[in-house]
Amino acid sequence: MKGKRYYLSHTNSGKRKILKLVLFFFVLIPVMADPALLSILEKSSYTDEQKENICEIFKEAEVKEIPSSLILPRLEEGISKQVPYNRLKDVLVNEIDCLVQARELLIAVDTDIILLKESSIWLRTGILLAKHIPAKTIRAIACASISRWEDYRDATVLYLSLIQWGLTDDKALMAVEFVLQSSITGQDFIGIINIFTRGRSLHISPEEILIRMKEVIDDIDTIETLEEKILY
Amino acid sequence: MKKRFFVLLVIMTTISTSIFSASPTMILGLGAGSLVFPYEEESLDSDWFLNTDALLSYRDTLTDTGYYSFFSSFSAGFAFAKPYLYSDEEMLSFETGFHFHNSKLICTGGLHSSITGTNLVLPFYCPEWEMAYYFITERKKVQPFLSYHGYYFFEPESKEDIFYEGLELGIKHRPVITAGYGISLGIGWENWPEYPVYSAPGAESDTIRNDLLCMLKGEIEGIFQFFLDWEIILSIAMRWSNTNDYIEEIDYINERSEDRVVIKVETNLEWSPSRYIHIKLHPYFTPGIYINKQAVTADGSLKGEYVRVYEAGGNFHIDWTPDNSLYILFETEGMIYSSNYMDQLNWYTLFHLGIKYSLKF
């Protein structure tokens, strides 16, 4: 009797599993139509129900016209780090919200921007919003980057580094705007941080550096010239 | 011995003052510390000291063509030793840079002095001058440069005045903002107009000491994680001199006693993790090999081997400022020197706590 009950329960559980698999692969696949998502989910240890919910989140993103390619890396990261399902779900939902906001912000700044083509800018803006950087600050950096979107990422890295170093939001933003006004290339923006740290060792305050930067920035074309004009 | 270390101490506290600062700026400093050193055998001694320094600097840009800066500093120290020791040191310098299309010329001049000196280190005056020309200033390209450097080290109360002139030819290259390197070859000449050169044991000749110096230097530098500047320098210096060394105890002349090869490995690290903190670390190691100089024992007899010297040391500096006006700093420095010449082994450690106040005009 005991053995029979066990057999029945075992058989039912097996059937349920088969049913779920059938539902997942034969019903959801055509809806999702994203092999990349499926392939990533296959590697995860989430339950089938959780996988279905994740697929739902991606469907909602599609409805909001957020390409799955922008959120797939976050899912991949979560799976590789074995992030608990509830946390991952919150992160994905938040990321989609941030990307929606980022799109609105970027289109308001530059009506000509084609975000699908400039997905790295879109994604970067979404990340900044997710880091709780004020929207007005991001808008200001984006405004200053309109004619040089290729340096937008480096400009935001500069901003974040200066904040981390201890500058206030308005001063960090001022530095970024000055630099974007110059001909200094984005890959050299790290040199700006170095001007602040070297200035610190020479007893030149960040405020003084900003004043000097404002005075000379219009004539600057390289980071070395700027450094020389400010520190010596 | 104590007095010599005290002089080192004063020099150290002066050197730790920044060479350039905002314009026009005055920085006033006050500090106290302790110097620990060996006393006789297997025993330690220490001296407490007070020091003060003042620095005045001014810099400005020259419209479209470059910049100029002026810097002066004065420092004085007082040690609670027996007898009391004091020292002073002054520096004056001027630098200007001019740009010509894609090249630049930098000229510097200055005077380094100690008016009173101490009982062991005599008063000195040392005017210095340098001109460096960078043929290309574009960082991503290899930048060749040529520099000329000279000084006259004048000690009115000794016979160790030195007149030096030298040329350095090299390249600098920083292909990416976060990493670069440099290589240079320097050649110099030292003239010691009053230094004794012996023609026979105990007999000074009319020959004037002349030294030829040659140095090959390589360095790599970079920025790590935005806030850390690092630099590693390796140099090999050779000296050929016509002077000799007279060992009175055994009435012996060691010919060409100053010919030597000195290697120096050093690192400079500067880290400012936040606008309030600044940290510097500078360790170095310098072995030296004398080519002709015979090592002697403490009583003056020849050991049958050439002189070897080893020096290792470094300094550490940390300062904190709440407002970019007041700086609270802690410094420590140490050095150990060993040589088979008279079996010397010297070392010292120094701790220094101070404040600086920066005034802008």
Side-chain angles (χ1 to χ4, degrees), chain A residues 151 154 156-169 171-172 175 179 183-232, chain B residues 17-23 25-27 55 57 59-64 66-69 71 95-97 99 104 106 134 137-140 143 174 176-178 222-229 270-280 317 319 321 323-325 327 356-360:
Chain A
D151 295 327
D154 292 308
T156 59
V157 169
L158 172 62
Y159 169 82
L160 291 174
S161 304
L162 291 174
I163 292 284
Q164 187 192 340
W165 192 62
L167 287 196
T168 55
D169 179 71
K171 284 169 188 158
V179 175
S183 315
I184 297 169
T185 56
Q187 57 189 352
D188 285 351
F189 285 0
I190 193 172
I192 300 294
I193 303 164
N194 199 241
I195 288 176
F196 278 94
T197 56
R198 287 190 59 204
R200 168 67 181 80
S201 73
L202 302 173
H203 300 286
I204 307 174
S205 70
E207 290 73 21
E208 176 73 18
I209 287 174
L210 285 170
I211 291 168
R212 294 184 189 184
M213 206 183 267
K214 189 181 178 182
E215 283 169 6
V216 300
I217 199 73
D218 290 334
D219 306 322
I220 295 301
D221 51 1
T222 66
I223 191 76
E224 298 77 43
T225 322
L226 181 65
E227 184 179 288
E228 194 174 275
K229 296 265 184 189
I230 290 177
L231 297 181
Y232 298 104
Chain B
T17 308
S18 298
I19 301 292
F20 298 97
S21 61
S23 71
T25 302
M26 177 177 266
I27 298 172
L55 179 155
S57 78
R59 60 158 291 283
D60 206 352
T61 50
L62 298 166
T63 313
D64 296 333
Y67 65 91
Y68 67 94
S69 68
F71 161 82
E95 177 174 318
T96 185
H99 290 262
K104 74 175 172 185
I106 297 173
Y134 289 82
T137 53
E138 203 177 319
R139 190 200 73 228
K140 288 176 185 171
Q143 303 170 33
R174 201 159 178 145
V176 288
I177 191 82
T178 49
I223 302 169
F224 179 71
Q225 296 282 318
F226 305 133
F227 308 121
L228 175 73
D229 280 13
E270 284 203 45
W271 185 40
S272 178
S274 93
R275 60 175 293 179
Y276 307 107
I277 297 169
H278 179 237
I279 296 166
K280 279 193 285 192
H317 165 107
D319 70 62
T321 178
D323 56 3
N324 293 106
S325 292
Y327 295 83
K356 286 189 189 295
Y357 194 78
S358 172
L359 299 160
K360 315 275 181 197

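Just so we're clear, the structure is a prediction, and the values are computed from it rather than from any experiment. So that the names make sense, note that chain A is the first sequence line, chain B the second, and so on, each numbered from 1.
- For the atom pair CZ (A:Arg198) and CD1 (B:Ile223), the distance works out to 9.0 Å, reported to the nearest 0.5 Å.
- Contact count versus chain B (heavy atoms, under 4.5 Å) is highest, among A:Asp188, A:Thr197, A:Val157, for A:Asp188.
- Between the NE2 atom in A:His203 and the CG atom in B:Leu359 there is a gap of 12.0 Å [rounded to 0.5 Å].
- Highest contact tally toward chain A, considering only B:Val176, B:Thr137, B:Ile277, is held by B:Ile277 [criterion: heavy-atom pairs under 4.5 Å].
- Here the closest heavy-atom approach between residue A:Arg200 and residue B:Ser272 is recorded as CG-OG, 3.8 Å.
- The part of A:Ile223 that comes within reach of chain B is its side chain, from C-beta onward, which places non-hydrogen atoms under 4.5 angstrom from that chain.
- Looking at B:Asp323, there are no atoms closer than 4.5 Å to chain A (heavy atoms on both sides), in backbone or side chain.
- There is no contact between A:Thr222 and chain B, counting heavy-atom distances below 4.5 Å.
- One finds the OH atom of B:Tyr67 at 11.0 Å from the CG atom of A:Leu231 (value rounded to the nearest 0.5 Å).
- In this structure, the separation between CD on A:Gln164 and CZ on B:Phe226 is 8.0 Å, given to the nearest 0.5 Å.
- The closest side-chain heavy-atom distance from B:Thr321 to A:Ser205 is not below 4.5 Å.
- Residues A:Leu167 and B:Arg275 are in side-chain contact: their nearest non-hydrogen atoms beyond the backbone lie under 4.5 Å apart.
- Considering B:Arg59, B:Arg139, B:Lys104 in turn, B:Lys104 is the only one that fulfils the salt bridge (charged side-chain N to carboxylate O under 4.0 Å, His left out) rule with A:Glu228.
- The side chain to side chain contact (heavy atoms under 4.5 Å, CB included) check on B:Glu270 picks up A:Ser201, B:Asp229, B:His278, B:Lys280, with sequence neighbours excluded.
- At a 4.5 Å heavy-atom cutoff, the contact between A:Glu207 and chain B is made by side-chain atoms alone.
- Contact annotation for B:Tyr327: only side-chain heavy atoms (C-beta onward) come within less than 4.5 Å of a heavy atom of chain A.
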